[in-house]
Every structure is written in C-alpha cells, then in structure tokens.
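To start, the structure itself, in structure tokens.
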Amino acid sequence: MTKDKETVMLTMNGQTITAKSGTKLLWAALDNGIYIPNLCAMRDKPEPEAACRLCWVEIEGRQSPITACTEPVAAGMVVNTTGEKALKLARTGFELLMASHALDCARCSANGSCELQKIAKVLKCSLKPKRFRQLLRGLPVDESNPLFTYDPNKCVLCGRCVWVCRKHVKSGVLGFAHRGFERRITTFGDEPIGKDCLNCSACVKACPTGALTMKDGKKKTDIA
Amino acid sequence: MNPDKPTAAAAAFKELKERAGAQLTQLTHDKTVIMVGTATCGCAAGALEVLQTFKDEVKKRNLGCAVIEVGCMGHCYAEPMVIIRKPNSPGVCYAHVNPVIAERLVNEYILGENPCPEFVLAAFEPNDILPSFQDFPRSRYEQKIILQNCGHIEPTKIEHYIVAGGYIALAKALEASPENIIEEVEKSGLRGRGGAGFSTGQKWRLCRQSPGNTKYVICNADEGDPGAFIDRALLESDPHSVIEGMIIAAYAIGARTGYIYVRAEYPLAVERLEIALKQAKKLNLTGAHILGSDFCFNIHLFKGSGAFVCGEETALIASLEGHAGMPHHRPPYPTTHGLHGKPTIVNNVKTLAYVRHIINNGADWFAGIGTKKSPGTAVFALAGKIVNTGLVEVPMGTTLRQIIYDVGSGIPGGKQFKAVQIGGPSGGCLPESALDLPVDFNSLKEAGAIMGSGGMVVLDEDDCMVEMARYFLEFTQRESCGKCTFCRLGTKQMLEILTEFTFGKGRIEDLDNLERLAEEVKAGSLCALGRTAPNPILTTLRYFRQEYEDHIRLGKCPALMCQHLIAYYILPDKCERSCDACIGSCTVEAISPNKKRIKVIDQTQCVKCGTCLKACPPQYNAIVKLTPPSEVPNDNSKLKNQISKPQIKSKN
C-alpha cells in the first residue's frame, strides 16, 4: 500500500471526508460510513479485482460513472455514490448476477447475512429481476468437505475465497477455471473440494453469498 | 553520445549490406528466378505442389533457375501465384497455377519464349505484350508501405530483406538519440494499428519517461478476429520489417528485452519468425552491442494458445507472465506497470512495420499520406462476398466504395451489396449509405464501427443482419474470459435474445431491452473485449432495425438465411418431371414425387439443409426459399395426399 501518509479531503454525497492519499474511493467511502455495493473488493489486495462491476460512482468532471474500487481519492474530488447513471449501471450488474444465481433464500443458510440481499436493498432491486432471462448453470453441489458445502450455482465469482485461500492460508486449493459463462471456482483438476483442503473455513467466512456455507449451520460472522 | 559510435554502426551496416548483396547476386544473378507464394493463403490453395513441380522440373532439366519461396502479395483470390523473372524481361505474375500449368510454364516460357498470356495475372513492369499491375483499377488507390516487400522477397533470407532496403533504418536510428526517434515517430502522427489508434510516439514517450532501468517491448501478434489475416501475412512474408521496428522501438524507449506474442495457430508465421530471429542474431542485428553500438537487445518468441482476449494488452501481459490470460483494470497502463511490473510498450505488428519507413523517409513524408488525424495507410483484409479477396493497403481517407468496388472489384454473382463489417467482433456493420465514408480511425468510430485489426467482411443480400450480430456475439461470448459481470453475463443474455430472434421467438420489447443492455455492457465492462462486443448489435440495430422487426413481428427473415424462418418449396410449374436430382440429394428423404411426377417437399421432414436447392439443375431452377414458412402454398397438403409411394433414386 502507499507509503505516503498524507491525507486528502474530498466531498462524497455532500459530506466532507478525509482519506489517506492513494486510498481507493471504495474504502474511503466505507470507512466514512457510506456504503457502496461491492462484492469482489478485498482491502489487502494490491491490485483491485474490478470484476463484480457494482461499485459505480459519479465523479464531478467525468462523463461516465467509474468503479470506486479502482479510483484513488484526490484532493477536492466531488463524488456522488447515488447518482442515477451510477445506480443504473450498478442495478444492471446486480440484475445480471441475480439472473444467474440459484435463488433459494428460504433454504439458504446465508439468509440474513447474504450480501446479495443487502445490495438488493440498497439498490432497491428485486432479488428476482424480471428484465433478464434466468440463466442457471446447474452445476453439481460439492459436499465432500466435512465442514462446509460448496454450491457453485450460488457463486457470483467475486474471487474472495480464492484470494484468502492463496494469500492468507497459503493453501491454494481454490482457483478459477474455464472462461466466459462457464467460469467457475473449483480445485485443481476439478477434484472434490474436501480432498486437499486444510479445513480452515476461511473461504466460507470470505464468501459474500450462500455458495460456501458451514454444514453445522454456523453463520459466517461466527466463524473464528 | 560518443561520436565514434555512429560511424561504427553505419560502417558495420555498410559491410553487412555489401556482403548480403554479394550473396544474393551469386544466387540469382543472370538467372531466371521462379518465385512461388507460399504464405498460408498460397499453401491452402496448393502452392506447395506447384513449388515441388518447379523444383523437380528445374532439377530434371538442369535449368539452373533459382526457385524461391516468397510470401503473400495480397491477391489471395488468385492463389497459388507464381512470379517468373527472366533476365532482361519484365517480371510476370501468374495466377491460379497448378502443377500442370507449372510444367507448361517451364516448357513454354522458361525454355521457350511464350509467356503463356492465358495464365498471366499481370506483369510488374509496363510492356508491349502483357497487361501490367499499373493497368489495374486498384493500382490507382493502392499505396503499399508495409506490404511493399510482401510476395517479392524471400522471407527466410535476411540478405534479401537487407538488399531490399532493410535494416537501413536501424543503422540510421542508432546514429540518432532515442529522443529524436520518439520525436520523429510522434511527429509522423503514427497511430496504433491494433484497433484503438493511440499515438505510437506518445506511448513510447510515456514508457521512456517511466522510471526504471528494465523495460520491455512487446509485439502483439495475437490476431484473433475472424476475417482478419494481415498480421499473419506480414509475419509470413516480411518478418524482418516487424523485427526491425521492434529493435528501433526498444532503442527509443531503452528496453533490452522484447517479446513477440504470436498465436500458436499461425505455425508458418512462427516458423518464419524463428528463422528471422536467428538470422538477425547471427548478423548482430539483435543481441549484444548491435552493429557495434552500445545498444543491446534480445527478442524472444512467445506462442499464445489462442485466446481472443489475449489480444487485449493487459491480458496479453498476464499470459506472458504465466498467469491465465485475463485483463485487469487500467490504469496503471503497461507504459508504467507492464510486464513483471516494469514499463512496457505493447505494439501491433503493423504499427511496428511502419516504423522503419518513418525513420527512412521522415515524419513529414508519413504525415503527408492519408488524412490529417489518421496519417499513413490503412491495411484491410478483404473477405466475404467480394471478388478480390485478399490484402489491400490504401491511404487513410479512401472511401469504402473505392475499396470495395475499385480495389475489391465488387460483389460476385451480380448480387446486391448489403453491408460491410469492419473490425471483426468489436466492429460494426455499415450499410450502403456509409459507402462514401472516407475510412480513418475517427470516421469509423463515428459510424459505430472501429478500425480494429483491419478485417473487412463484405455482406450481400443473402446475409441476414440479425444472424450476423448473433454470430459475432456467439464469438465474443465464447471468448469472454468471464472475469467481469457485464461481459460474462451480459454477452450471454444478449446472445440468448438474438438467438430467440433468429428462431422467430422474439418479443418486440426485447429490441429495446437488447439495445439498453448493449449500451450498458459497453459502459460497464472491464476491458475492451466487453466494451466493444455490443458494437455488432448496436450498428445493426442502428442501420437495419427493420430487419429485426421483420424477424420478430412477421417471423420473416428477408435475407432467407435464418433456418427456422424459411421453408424450401418446389415450384410445380418449373419442376421437370423427368428429373429427380432433388430426390437424390435430399439427406432426409423428405422429397417425393406426386402423381404427376412433380416433386414435393414434406415440410415436416425437411431439415432445411439446402442441398436440393444446389442440386436442382440451373435450367429448371425450380426450388425457392420462402419466408416466413407459412408462405408455402396450402395446396401442399393436398399435394401430399396425392403422393405415390416414395421412389428414392440415387443420383448415380
């Protein structure tokens, strides 16, 4: 991260906030209690993933909305996180994700702690968007791990689990495979997830949706 | 700079050139030279057999001719092509040569005096007997800069390239300071030929100014657009021009290592590049202390595994580093954080090929060609429904009409022009009204297409624009890396909608849905693949909306292309009783004669393969396509009842 400790002042939604120079807008906003929908952002990642395309904000002087996770703060910047153009893009991104999400809140153990539910509320979106065709992949659920279940059909491909598995646990069991619509998170050689896993459950804790859930019904927030 | 060094480079090069000249003279002086175009296009048409025939004949009769392999002249429609240069005669270019013709040419032209005008495409120099290339209407428009050497020199011989004026620019560049080179390239106004058209000089300057001692030059030869084959032809026909451009670029930015990222699907280009790199190294044109100067630079070849997205520079770099070929957010741009985090320039094959010409002829010369904002020439790969498929190099600002009708000789078969698809899956379809558009980076962008990698696919009345959009979306959807939401899921959703249209199942409100989603995918995607993928949809919606509406409202495909919206029908009054060609050709036995021996297609059986239409003899021309399928006359059912037992006769 940046060594420069200088702080800058900027305006966000009419509110003056300060942030360390070099900080990305998304973190500046979250640190100041302004929520911007996001799924793939990880604070300790040196380069933003910029994959979920939900954290759109409008910056004065820029023609089109910009993703907050990629844009560093600048002194005097005027940011609007609730502009119509930004929300429109965020809604489309979210609706695209939901159209390919195996929605089953009633039986999903992430119900209540799911970030998709939170984002739907903030964006005032239905969890079941009518605009798009439902395109599910119908992949098999992996129950092989003694501690957790992996349901790829609920995965939004944010990559948080891959990051924690590789960088924090240094295990590297999880990774991305395939491309395009077929892209999914899996293990090397598509082996069952329980085979080489260290069972630390860090991935479950990192997962924003019900794709990775504890078998004992423990909430993600309760995982040590 | 050390004043001794420049003269050292010039002297070293002078010696090199003399040696190359002497070697080449020994090979070809006072001899008849037979040049066979063996680029991929030539090989596909059978050039290797022709080459073998010439070699055998020359050996058998002890003719003492030099038989050499050259690249592609751009006349791909006339392959296999052979050039015969007899001493003191104009060089003659033959088209569609096969082994039999090759033998005749040996007998009658090489051994005799008859140039066999019936096989001649044209002569190179004006003469009294044969037409020359200067007589072709296309020569009025063509101005060859980077394609100059293609098809005229032996790509596997560095001597040939040097004698043709190669590596002079490098020797010249090494005498100047890197800043001067960048200034010259910037002043020339050269814009990147990879598609986006960013100023090359500016890119080099940004990279040079980036702090750090380790810098890289990457040549992007990952040409993946369906319908584009310029980079391939260039690498197969004149690889040294690209290498020379790379060395000059490296000198300008201060790089010591370069990579050529080439598709593994271009085996011949890879092979010829490998040879070229070895030769350049041997002559100290790469490696340590190039031409005796202080400058050291090595080039490595990297074979990409055929992912379209790897043509995007950040994905290309990720792939080179050994990661999955996936793009990341820019900024930081590669000019500051590129390969292994070091400042890097990524330039297209064509861009690098221009460099030596700019150094040789000066920035003003280059800036004087083409239009003010897009100087230089544009190279297009003409494909699709056009007579002269192949490569064409014209000054920027030439109109589409001139390129398609004067250079490409128009649409074959007397068909009507419908649209031209420029820039591949990232580009767009432009209609007839855009034909007088002077082609350059800006005008194409305004019209909704992009220059892209230079693919130009001409479409005629038989091409359905909805199907065209669906085809390209299928491509981009399959090639999307899947990292970001808009590209991964947005292209899939758009493809679903388009597929429904071609099945006649669309709803009219889907048109607006599609247009809105296309705009949003364009705005929301992470990299250029997603941001340009909607272009085929947006341009066809803009120029051919009626065709979409016909598909949805009437279940009709006006171009008679979408299989689900057409039916084959045999016109009873045209059908010849004694002919059973259609019955014999039908793959599913859906055609049978009625009592009057008029053939009838059982629509429930027909799989719409179209074979019967091709089989029906032209003198009857009895089979037609109808859209929507309900257009098939109702008496068909009546006819069906009269059908006697199917008599299946084989055609033979």
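Throughout, protein chains are lettered first and strands after them, A, B, ... in sequence-line order, and every chain is numbered starting at 1. Since the model is a prediction, treat every value here as computed from it, not as a measurement.
When B:K492, B:Q477, B:H337 are compared by the number of non-hydrogen pairs under 4.5 Å with chain A, B:K492 comes out ahead.
Side-chain atoms of A:R53 come within 3.5 Å of backbone atoms of B:G524 as a donor-acceptor pair (strictly under, hydrogens ignored). Of the possible polar contacts, none joining the B:Q493 side chain to the A:L96 backbone as a donor-acceptor pair under 3.5 Å is found. Proximity of a side-chain donor or acceptor of B:T485 to a complementary backbone N or O of A:G93 within less than 3.5 Å is not detected.
Residue-environment remark: CD (B:E509) exceeds the threshold of 12 foreign heavy atoms within 6.0 Å. Residue A:E60 qualifies as open at atom CD: its count of foreign heavy atoms under 6.0 Å is 12 or below. Surrounding OH of A:Y35 are more than 12 heavy atoms belonging to other residues, nucleotides or ligands, all under 6.0 Å away.
Contacts of B:E500 with chain A are made by side-chain atoms alone, with heavy-atom separations under 4.5 Å and no backbone atom involved. Heavy atoms closer than 4.5 Å to chain B are found in both the backbone and the side chain of A:E49. The contact between B:A307 and chain A is made by backbone and side chain atoms together, counting heavy-atom distances below 4.5 Å. Residue contact with chain A, scored on non-hydrogen atoms closer than 4.5 Å, is absent for B:T491. Contacts of B:H328 with chain A are absent, with no heavy-atom separation under 4.5 Å from either backbone or side chain. When heavy atoms are compared at a cutoff of 4.5 Å, B:R488 approaches chain A by way of both its backbone and its side chain. Interface remark: B:P332 contributes side-chain atoms only to the contact with chain A (heavy atom separation under 4.5 Å). With a 4.5 Å cut-off on non-hydrogen atoms, A:R184 does not touch chain B at all. In this structure, the portion of A:R183 lying under 4.5 Å from any heavy atom of chain B is its side chain and not its backbone.
The distance from atom SG of A:C40 to atom NZ of B:K483, rounded to the nearest 0.5 Å, is 8.5 Å. Atom SG of B:C484 sits about 11.0 Å away from atom CG of A:L157, to the nearest 0.5 Å. From A:F176, atom CZ reaches atom SG of B:C481 across 10.0 Å, with rounding to the nearest 0.5 Å. The distance from atom CZ of A:F132 to atom CD1 of B:I497, rounded to the nearest 0.5 Å, is 7.5 Å.
Looking at every heavy atom in both residues, A:S100 comes nearest to B:L489 through OG-CD2, 3.5 Å. Of all heavy-atom pairs spanning B:G306 and A:R179, the tightest one is O-NH2, 4.4 Å.
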After noting the C-alpha distance and the side-chain angles of B:R516 and A:R131, does the key distance pass the side chain to side chain contact (heavy atoms under 4.5 Å, CB included) rule?
-> CA-CA 11 Å; B:R516 191 179 138 198; A:R131 191 177 151 200; 3.0 Å; yes
Side chain to side chain contact (heavy atoms under 4.5 Å, CB included) between B:F486 and A:L89, intermediate numbers included = CA-CA 10 Å; B:F486 280 84; A:L89 273 181; 4.1 Å; yes
For the pair B:E520 and A:K85, evaluate salt bridge (charged side-chain N to carboxylate O under 4.0 Å, His left out) and give the outcome as yes or no after the intermediate values.
-> CA-CA 10 Å; B:E520 284 168 341; A:K85 271 192 200 160; over 6 Å; no
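Taking 4.5 Å as the heavy-atom cut-off, none of the residues of residues 118-126 of chain A approach chain B.
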